[in-house]
Every structure is written in C-alpha cells, then in structure tokens.
Amino acid sequence: MNGGDRALHRLSWGWIVLGALALAVGLLLAAAAWQFCRESTLTSGIVVAHQGRDGGIRDLTGRYVSSNVVPVVAYRGADGRSARVIGNMPRDESKAPPIASALVVRHRVLADGTTLARIDSPFEIMGLPALLLLFGTGLLGAGLYGRRVAVGRQSVRGRPRPGTADWDRLRLAGGTRARSPALRGCAAGKRPSRRR
C-alpha cells in the first residue's frame, strides 16, 4: 500500500467513525423526539415575536436583504400559567409564521417540575435529528466507499498481470465462455446458421 492509499484508508476510517457517531446521536435525538411527541400535550399558542438568528439572504453588495428568524410563541400550560417557547430551526423571515398568527405547541412537564415545549411541526421537532441522520449516513457511506477503493487498489496491485500464456489459454478455451450454441460457433470461427 503506497502513501496515498494509506492516507485514503486512514481518512475513510475517520469518516466511518464520525458517520457512526453522527448516526448514533441522530438516532438518540429521534428517539427522544418520538417519546416527547407521545407523552406531550397539545395546546394552541400565538406568535408574539420573531427572534433573529445568524445568516439570511444577501444581495450582490453583501448586505443582508432578509435575515433568518425563529418564532416566539406564547401559550398557556395545563396549570393555566402563560409561557413562551422559542423555535429551534431558523428560517427566512418571509417564510416564518407572521406575528399574531396561531400555532400549535406541544408541552410536557418533567418529573422535576420543569416544562419542555416545542412548536408542533415536523420541521421543529424532527429537524435536527433528521439533519444528523442524513449527515451521518453520508459520512458513513463516503467512508465505506473510500475504504473499499483503498483496499481494492491494494488487492489489484498485489495481483500479477496476465501474461501471454494466460491469453493463449483463454483463446484455446474459446474466448469468453459463450452461453448460446450460436455464439460458441462464432468463437470457433463458424458462421451461425439463420433459422426462419
């Protein structure tokens, strides 16, 4: 194995490890999100504000034309107290739910009395686990492919190249092993007969 193949082999193992870790974290987050959806209570809420996040759309001069925001939703819990939940996944402010619009919120009171709440949308609840699962799958696939390429190059280099004796043996055996009788005749130099 030369230096390039060794480097590809090491790099592919790194991708495999990172991909497996991202997949494991994504699966744990997806399981936690599923459990939260199963044990939470639905309630209605109202968007009271937008909170800015990094990023957005820039024009040709580099100025931000629109920015990324997350909605801030006010809702009432099961005990009647009002609370707020901030969205997880930023989106362009033109695609964010407008202020004073109604959104459904999922909330759950934990054993220690703290409340866990999320906006009830697949994008908000499963967005991060889905991104980690896709990222982990891509890294794992790239690592397995890179490892296969590095190992495949090594096995091809270790094999002797076919010599003239091998080609003569192949020619005497009839070339490639033809499956149909007409093709076997062609390999032997005979012309196939046409049946009508």
Side-chain angles (χ1 to χ4, degrees), residues 8 10-148:
L8 180 63
R10 276 193 300 256
L11 186 65
S12 63
W13 271 113
W15 288 341
I16 288 170
V17 169
L18 286 176
L21 285 173
L23 270 175
V25 171
L27 285 172
L28 284 173
L29 287 176
W34 176 78
Q35 183 181 7
F36 170 74
C37 287
R38 202 176 51 132
E39 297 174 356
S40 60
T41 307
L42 291 172
T43 187
S44 60
I46 295 175
V47 178
V48 292
H50 288 154
Q51 214 175 62
R53 292 287 187 260
D54 290 338
I57 299 174
R58 296 177 186 237
D59 63 3
L60 295 175
T61 62
R63 287 182 304 131
Y64 280 109
V65 177
S66 66
S67 58
N68 287 342
V69 296
V70 291
V72 179
V73 181
Y75 70 96
R76 288 202 179 274
D79 56 358
R81 290 188 210 161
S82 65
R84 290 184 175 201
V85 60
I86 300 171
N88 289 327
M89 304 298 282
R91 60 192 95 180
D92 187 56
E93 62 187 343
S94 64
K95 296 178 183 172
I99 293 176
S101 63
L103 282 181
V104 178
V105 174
R106 285 187 173 274
H107 64 92
R108 176 180 169 212
V109 179
L110 301 176
D112 62 353
T114 58
T115 302
L116 181 64
R118 297 274 182 270
I119 296 171
D120 186 38
S121 94
F123 185 64
E124 288 284 334
I125 294 174
M126 292 299 290
L128 184 61
L131 283 173
L132 278 172
L133 288 171
L134 284 173
F135 181 70
T137 302
L139 269 180
L140 189 65
L144 290 173
Y145 179 73
R147 187 174 178 285
R148 181 176 178 193

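None of these values were measured; they are calculated from a predicted model. Both backbone and side-chain heavy atoms feed into the values below; hydrogens, waters and symmetry mates do not.
- In I46, the CD1 atom is not crowded: 12 or fewer heavy atoms of neighbouring residues, nucleotides or ligands sit closer than 6.0 Å.
- Closest approach of M126 to A33, counting heavy atoms only: SD-CB, 3.5 Å.
- Distance alone, capped at 3.5 Å, places no donor-acceptor pair between the T114 side chain and the L110 backbone.
- D120 contributes atom CG, which lies 11.5 Å from atom OG1 of T41 (distance to the nearest 0.5 angstrom).
- Contact detail for Y75 and A117: the closest heavy-atom pair is OH-CB, 3.3 Å.
- Nearest heavy atoms, I119 versus I125: O-CG1, 3.7 Å.
- Of all non-hydrogen atoms in L27 and L133, the two that sit nearest each other are N-CD2, 3.7 Å.
- Heavy-atom contacts from other residues, nucleotides or ligands closer than 6.0 Å to CZ of R81 number 12 or fewer.
- Listed by chain and residue number, nothing satisfies the salt bridge (charged side-chain N to carboxylate O under 4.0 Å, His left out) test with R84 (two or more places apart in sequence, or in another chain).
- For residues 11-28, the set of pairs meeting the salt bridge (Lys or Arg N to Asp or Glu O under 4.0 Å) definition, not counting sequence neighbours, is empty.
- Closest approach of P129 to G26, counting heavy atoms only: CB-O, 3.8 Å.
- V70 has its side chain out of reach of N88: every pair of non-hydrogen atoms, C-beta onward, lies at least 4.5 Å apart.
- One finds no salt bridge joining R118 and E124 here, because no Lys/Arg side-chain nitrogen approaches an Asp/Glu carboxylate oxygen to under 4.0 Å.
- Around CZ of F36, the count of heavy atoms belonging to other residues, nucleotides or ligands within 6.0 Å exceeds 12.
- L128 CG to F123 CZ: the interatomic distance, rounded to the nearest 0.5 Å, is 10.5 Å.
- Atom CG in L23 sits 9.5 Å away from atom CG in L134 (nearest 0.5 Å).
- In this structure the side chain of V48 never reaches within 4.5 angstrom of the side chain of I99, judged on heavy atoms.
- To the nearest 0.5 Å, atoms OG1 (T137) and CG (L132) are separated by 10.0 Å.
- A donor-acceptor pair under 3.5 Å is formed between the side chain of H50 and the backbone N or O of P97.
- Here the closest heavy-atom approach between residue G19 and residue L139 is recorded as CA-CB, 3.7 Å.
- From W13, atom CH2 reaches atom CG of L144 across 8.0 Å, with rounding to the nearest 0.5 Å.
- Annotation: the span from I16 atom CD1 to L21 atom CG amounts to 12.0 Å, rounded to 0.5 Å.
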